[in-house]
Amino acid sequence: MVRIEFRVLGTLEAVVDGSPVPITSPRQRIVLANLLMAANHVVTVEKLIGAVWDASPPPSARGQIQICISALRRALGSPEIIDTNSLGYSIRVARQQLDHLMFDDALAQGRSAAAKGQLDEALAHLDRAIDIWSGPALGGVPGRAAEVASHRLEERRIMALEDRAEIRLRLGGHRELVEELVALTTEYPLRERLWGFRMLALYRSGRQAEALATYRTARTNLVGELGIEPSQYLRTLERAILSQDSSISGDVDDGGAGTATSVHRPQELPADLPDFVGHAALIDALTATLTSEDTTQVPIAVTTGAPGCGKTSLALHVAHLLRAKFVDGSLYACLYGSTAQPRSTDAVLSDLLHGLGVAPAAIPVALGQRINLLRSQLAARRLLIVLDDVGNEEQIADLLPGVPGPAVLITSRRRLAGIPGARAVDVDMMSADESLTLLGRICGEQRVAAAPDAAAELTRMCGGLPLAVRIAAVRLAAHPHWAVGTLVDRLRDERSRLDELSHGDVTVRSLLADVYESLTAPAQTLFWLLSALEVHEFSAWAAAAMLDCETRLATALLDELADVRLLEAHLSALTGQPRYRFHGLVRVFATEHRLTQGDQKACTEAVTRSMGALLALAEEAHQRIYGGRFAVLHGTAPRWAGARAEFDRFLGDPTAWFDEERLTLEVAIRQAAELELDELCWELAIVSVTMYERRGLFAEWRTTHTIALEATSRAGNRRGKAALLASLGSLGVAQHAEDDGENLLHALELFDAAGDEAGSALTLRNLAHLDRIQGRPAMAVLRYEQALEKFRTVDDLGAQAHVLSGLARCQLDLGSPKRAETLAKESLALGEQLGNRRLQAQALYRLGEVFADSGQSSTAKAVFQSALDLARAQDDRVGQSYALNGLGRAMLEQNEFTAAEIHFSETVELCRVTHERNVHAHALFGLGRVYLGRGEFDTAEQFFVQAANAFAMQENTPWHSRSIEELGALRQAAGRLPARGGNEPTAGR
């Protein structure tokens with residue numbers, strides 16, 4: 001396996017197995033740079049095009065990007081390092097393979113260590129971060145996008161230099177630092193932080209006059225370049241130097257501001273956790289907010305997250321790290337806002353005033369007077385106020401300072417968006433590595449290291465919830481005779497998992513119960529009802545169906561659950577609709593309530609309604625895509641009546657809806673089978689083919705249909721079984737399988753026995769497709785015509801269009817292009833009549849084939865381009881692959897080799913995603929012809945070998961034979977022997 005490293009903090013460079021790889025093409029360097037700057041994330045094709053060509057890309061831009069990607073894969077010697085998906089590309093690298101990620105890690109570690117007071121360790125990390133740089137970032141990469149990214153990276157480098165200078169000052173290295181700061185302020189004359197460090201370093205070195213002269217130089221630069229006076233920080237520092245203020249002598253941090261004094265300095269913070277783990281980025285964000293030098297407003301930060309996520313632990317950890325910054329002390333109050341009995345504002349006011357040293361007799365009785373006294377006591381004092389477990393904005397509106405001086409750190413399950421100027425940070429679940437670290441710190445690192453698999457499984461069961469991990473670790477620490485696997489075994493049964501996640505008075509269940517009790521009764525009911533759904537996440541329509549109510553009401557209840565973090569909510573990037581999901585342990589808690597309090601019959605009915613809503617929405621999405629209820633069989637499963645009212649809200653883009661609910665459909669099919677809802681099961685599977693076919697999701701197609709087939713077979717549901725067998729046979733047309741023909745013949749027998757004309761017609765059509773692909777055009781025509789007659793009987797216009805397109809291809813294979821053209825145009829007319837753009841694209845592709853086979857390559861190009869435009873408009877990747885392949889073929893006929901290569905290459909890339917094997921084989925064949933036309937015989941031979949093997953795997957005898965013929969002609973043209981050992985196609989012997 002090759003070892004690949006990338007460098008962007010200097011000249012762009014790729015190093016493979018220790019040797020630099022030459023990437024001389026400017027376009028390839030731009031593409032690689034953009035992928036590396038978004039490492040492990042998708043970069044869209046549109047973004048890459050914009051980076052390469054700015055605002056004037058050529059028509060072939062997409063294809064040329066693909067050529068760049070292919071060239072980079074070859075240069076790096078690792079095709080899998082660059083992934084392809086429907087939106088674009090991503091480069092997969094570990095953090096130690098890419099220098100800017102290593103820099104970010106070292107910088108974060110340095111800042112985290114500094115925040116903890118570990119200055120020597122912080123300095124070592126910052127030295128390492130800065131040493132990674134070798135010159136200006138992204139050197140040798142042209143273009144505006146690279147310039148912007150380079151400036152962004154350079155800003156991070158300067159900040160690292162500033163952080164290092166601050167650490168060295170705090171460690172007493174002021175004398176050695178002066179020279180470096182002179183150089184830095186010369187290079188970056190507008191960075192006030194660097195000027196301040198230079199002034200301090202000079203002052204602490206006994207050079208007061210030079211320190212004051214430095215201030216004047218800084219002021220001259222700022223006024224001359226920007227027309228502004230120095231900041232409050234520099235002005236205050238100048239005054240402190242003039243007065244020889246002891247606060248800047250080097251014994252304390254250089255905050256620059258004078259310190260307020262108070263007789264009473266409260267220190268009310270609860271203890272910090274000695275084993276606190278993670279959240280370095282959040283610590284930095286909270287620290288920056290709370291220590292802001294903005295003198296116009298009170299700094300307010302809010303940590304928010306789910307029950308047990310560690311909001312309070314993080315807040316207290318940050319508060320302890322900042323104690324030296326808040327010289328007037330700290331106040332703490334818990335408001336119990338997430339419980340059924342939150343504390344009143346009046347009571348908290350009294351506590352805060354007591355903490356500030358106000359005697360009980362001096363506290364006013366009137367609420368308004370208490371509020372005014374608190375604000376007066378807080379004014380201009382460097383205090384940190386921690387308000388824990390706040391329920392809502394109203395609960396603390398009267399507790400906040402009125403003028404700058406103090407800072408406020410709040411924890412809440414809600415985001416408290418109504419607090420002006422507050423910065424909220426979401427405390428997420430711990431990563432797997434962080435969970436293992438915390439586990440080891442509490443129960444013993446050697447114990448975790450001795451059982452890594454069991455430890456990983458234990459933290460997975462805790463779902464990254466810090467409270468759960470901590471309890472599990474404490475339980476192991478309290479039972480030294482237990483193996484880690486012992487606790488894992490005790491947690492496996494979800495029914496008792498929450499019993500095991502308890503230690504003394506600390507339990508996950510009690511924490512969740514407090515929140516649950518604060519809910520309204522309808523929200524409580526929905527909470528445990530939703531746990532009956534096995535889906536990973538869900539939309540508002542699913543909740544509405546379960547309650548059999550309007551979506552508006554269901555959404556309000558879902559939001560109530562999300563507000564207190566019993567559900568996680570996010571906005572879908574595909575449909576723009578809210579999506580909701582359970583955390584694993586919260587689902588366990590909800591399931592407990594459902595099994596102990598819920599009516600099980602009512603739960604099953606609710607699940608059935610939800611699945612009925614899913615089926616109704618999926619059928620409507622199919623109808624909107626196809627322009628009618630065409631080419632799909634329907635059964636008698638119940639549809640939720642309320643779904644119709646939600647069609648327009650959720651199905652504005654039916655294709656996006658299918659993409660959104662892809663996993664939902666698969667899980668629902670499994671759950672329907674488990675609940676013996678066989679009719680729902682097979683109908684959900686059949687309607688999902690709309691998505692599986694368009695996206696090339698053949699493995700999911702087969703998996704879901706196999707599950708549904710077993711369910712219908714157990715139930716003796718003959719029609720459902722026939723529908724599934726016919727669909728599996730259709731899958732076999734796209735993805736060769738040994739039992740595809742048998743499935744179709746069995747389905748035809750069942751449909752004929754039941755007198756089901758629509759089912760028989762669909763099966764005959766699929767058998768005809770199989771005949772055509774396997775080189776039996778005459779038999780295919782016979783079956784297509786039988787299917788066409790039946791489809792006309794049942795008035796299925798969409799299916800008729802499919803059949804006419806297939807007949808057109810058969811007539812081409814039989815040497816009747818005029819008849820083929822007539823049939824293709826009839827198919828196109830039906831697609832236009834239905835307003836079905838996908839059918840139109842398929843008919844246009846077939847018509848393009850007619851013109852291409854007739855030697856009318858210019859006309860074929862125009863028709864294929866129209867098909868491609870329609871397929872792209874619908875994000876139909878399978879349709880795009882066919883149209884692109886057709887365009888490549890038409891270009892090839894006109895000896896436009898570069899254009900043909902671009903289209904065939906893009907086809908191959910699309911097929912990596914869609915697994916469309918037939919068009920993939922044809923694209924490989926096309927690439928063979930491109931390189932043969934250029935006289936590049938070695939490359940042509942490779943592609944013909946791949947094509948021959950691909951056609952053989954599909955039992956496509958005519959095209960397999962043609963590939964072998966082309967291979968023989970190529971070898972003869974190259975003057976080679978008829979066969980060359982390892983390069984001969986494996987399936988063509």
- [ ] List the atom of M102, the atom of R95, and the distance in Å for their closest heavy-atom pair.
- [x] CG-O, 3.2 Å
- [ ] State, with a plain yes or no, whether a side-chain heavy atom of L383 is found less than 4.5 Å away from one of P401.
- [x] no
- [ ] Give the minimum heavy-atom separation between Y89 and I65, together with the two atoms involved.
- [x] CE1-CG2, 4.1 Å
Task: 4.5 Å side-chain heavy-atom contact, L282 and T303 - done: no
TODO: Check the pair M37 / L153 against side-chain contact (heavy atoms from CB on, under 4.5 Å), numbers first and verdict last.
DONE: CA-CA 10 Å; M37 290 309 299; L153 289 169; 3.7 Å; yes
TODO: Please check if the side chain of Q395 supplies one atom and the backbone of L335 the other of a donor-acceptor pair under 3.5 Å.
DONE: yes
TODO: Using a 4.5 Å cut-off on heavy atoms from C-beta on, say whether the side chain of Q208 contacts that of I241.
DONE: yes
Task: Student check: side-chain heavy atoms of R27 and W53 closer than 4.5 Å - done: yes
Open item on the list: Between D163 and R193 (salt bridge meaning N to carboxylate O under 4.0 Å), is one present in this structure?
Closed with: yes
Task: Lys/Arg-Asp/Glu bridge criterion (N-O < 4.0 Å) met for D426, R415 - done: yes
- [ ] Would you name the heavy atoms of L36 and H100 that are closest together and state the gap between them?
- [x] O-NE2, 3.0 Å
- [ ] State, yes or no, whether a side-chain contact exists between L316 and D388 at a heavy-atom distance under 4.5 Å.
- [x] no
Open item on the list: For E147, is the CD atom crowded, meaning more than 12 foreign heavy atoms sit under 6.0 Å from it?
Closed with: yes
Task: Contact check, side chains of Y215 and R239, non-hydrogen atoms, under 4.5 Å - done: no
Open item on the list: When you measure from the side chain of R198 to the backbone of L181, do you find a donor-acceptor pair of N or O atoms at a distance under 3.5 Å?
Closed with: no
- [ ] Flag the pair R219 / E238 as yes when at least one side-chain heavy-atom distance between them is below 4.5 Å, and no otherwise.
- [x] no
- [ ] Evaluate whether atom CD of E179 has more than 12 neighbouring non-hydrogen atoms of other residues, nucleotides or ligands under 6.0 angstrom away.
- [x] no
Open item on the list: Assess whether a salt bridge exists between R168 and E176, defined as any Lys/Arg side-chain N lying under 4.0 Å from an Asp/Glu carboxylate O.
Closed with: no
TODO: Indicate the atoms forming the closest heavy-atom contact of E393 with I419, along with that distance.
DONE: CG-CG1, 3.8 Å
Task: Closest contact, heavy atoms only, L126 versus G110 - done: CG-CA, 4.4 Å
Task: Electrostatic pair R235-E229, nearest N-O below 4.0 angstrom - done: no
Task: side chain to side chain contact (heavy atoms under 4.5 Å, CB included) partner of L331, the single match among L356, V386, D351 - done: L356
TODO: Return yes if some donor-acceptor pair links the side-chain N/O of S134 with the main-chain N/O of L9 below 3.5 Å, else return no.
DONE: yes
- [ ] Step by step, work out the side chain to side chain donor-acceptor pair (under 3.5 Å) result for R565 and T304.
- [x] CA-CA 9 Å; R565 303 305 181 96; T304 179; 2.8 Å; yes
Open item on the list: For F103 and W133, take the angle between the two ring planes, folded into 0 to 90°, and tell me which bin it lands in: parallel under 30, tilted 30 to 60, perpendicular over 60.
Closed with: perpendicular
Task: D398 and R370: CA distance, side-chain angles, deciding distance, salt bridge (Lys or Arg N to Asp or Glu O under 4.0 Å) verdict - done: CA-CA 10 Å; D398 295 326; R370 287 190 181 191; over 6 Å; no
TODO: Measure across R423 and T289 and return the closest heavy-atom pair with its distance rounded to 0.1 Å.
DONE: CD-OG1, 3.1 Å
TODO: Check whether any side-chain heavy atom of F197 lies under 4.5 Å from a side-chain heavy atom of R191, and answer yes or no.
DONE: no
